[in-house]
Visitor: 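Let me begin by handing over the structure; questions about it come next.
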Amino acid sequence: GDWWNEPAAIEREAEGSRWNASAEIDLLFADRWGFSAKGGYKKEGFFPGAPMDSGAYVGFGLRGSF
């Protein structure tokens, strides 16, 4: 989880504190290849790798380990 105070920016005024909660899993199915998944929920505002709007988000992909 994350908690922060969003600073003012040209695009929008600061509106106080923001938060983000997420869970992530990485599974290797073989010596080098696997699967990665992430899901979470955040309040409106900027957080790297998440949408600007509030709400739930998910992401997944293949993983290679070399």
Side-chain angles (χ1 to χ4, degrees):
D2 301 281
W3 186 281
W4 69 97
N5 287 321
E6 186 172 20
I10 293 172
E11 302 85 68
R12 57 198 280 137
E13 291 185 29
E15 297 180 9
S17 62
R18 306 287 189 203
W19 59 269
N20 173 66
S22 65
E24 188 171 339
I25 187 167
D26 290 315
L27 299 171
L28 287 175
F29 297 120
D31 288 338
R32 295 183 182 211
W33 299 103
F35 176 78
S36 180
K38 180 178 187 175
Y41 191 90
K42 69 176 277 298
K43 190 170 180 182
E44 182 182 10
F46 176 75
F47 189 75
M52 286 290 288
D53 295 332
S54 64
Y57 59 91
V58 296
F60 60 92
L62 297 176
R63 177 179 173 165
S65 178
F66 298 96

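Only this structure's heavy atoms are used, side chains among them; waters, hydrogens and symmetry mates stay out. Here the structure is a predicted model, which is why all the values come from computation and not from measurement.
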Visitor: Between K42 and P51 (side chain of the first, backbone of the second, donor and acceptor by atom type, cut-off under 3.5 Å), is there such a pair?
Guide: yes
Visitor: Is there a continuous path of hydrophobic side-chain contacts, each under 4.5 Å between heavy atoms, that joins F29 to F60?
Guide: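 Both belong to a single hydrophobic cluster.
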Visitor: When rounded to the nearest 0.5 angstrom, what distance separates CG in L28 from CZ in F35?
Guide: 12.5 Å
Visitor: How close do A56 and Y41 get, counting heavy atoms only, and between which atoms?
Guide: N-CD1, 3.4 Å
Visitor: Could you give the distance from CG (D2) to CH2 (W19), rounded to the nearest 0.5 Å?
Guide: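 So the CG of D2 and the CH2 of W19 are separated by 11.0 Å.
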Visitor: I need the K38 NZ to S36 OG distance, nearest 0.5 Å.
Guide: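 Rounded to the nearest 0.5 Å, the NZ-OG separation comes to 9.0 Å.
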Visitor: Around atom CG of L62, are there more than 12 heavy atoms of other residues, nucleotides or ligands at under 6.0 Å?
Guide: no
Visitor: So which heavy atom on Y57 is nearest to which on A21, and how close?
Guide: OH-O, 4.3 Å
Visitor: Flag yes if more than 12 heavy atoms outside N5 fall under 6.0 Å of its CG atom; otherwise flag no.
Guide: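 Enclosed: over 12 neighbouring heavy atoms sit under 6.0 Å from CG of N5.
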Visitor: Give, for atom CG of N20 and atom NZ of K43, the distance between the pair rounded to the nearest 0.5 Å.
Guide: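 Here the rounded value is 12.5 Å.
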Visitor: If you round to the nearest 0.5 Å, how far is CZ of R63 from CH2 of W33?
Guide: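 Reported to 0.5 Å precision, the distance equals 11.5 Å.
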Visitor: Write down the atom of S17, the atom of W3, and the distance for their closest heavy-atom approach.
Guide: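 Residues S17 and W3, closest heavy atoms: OG-CZ2, 3.4 Å.
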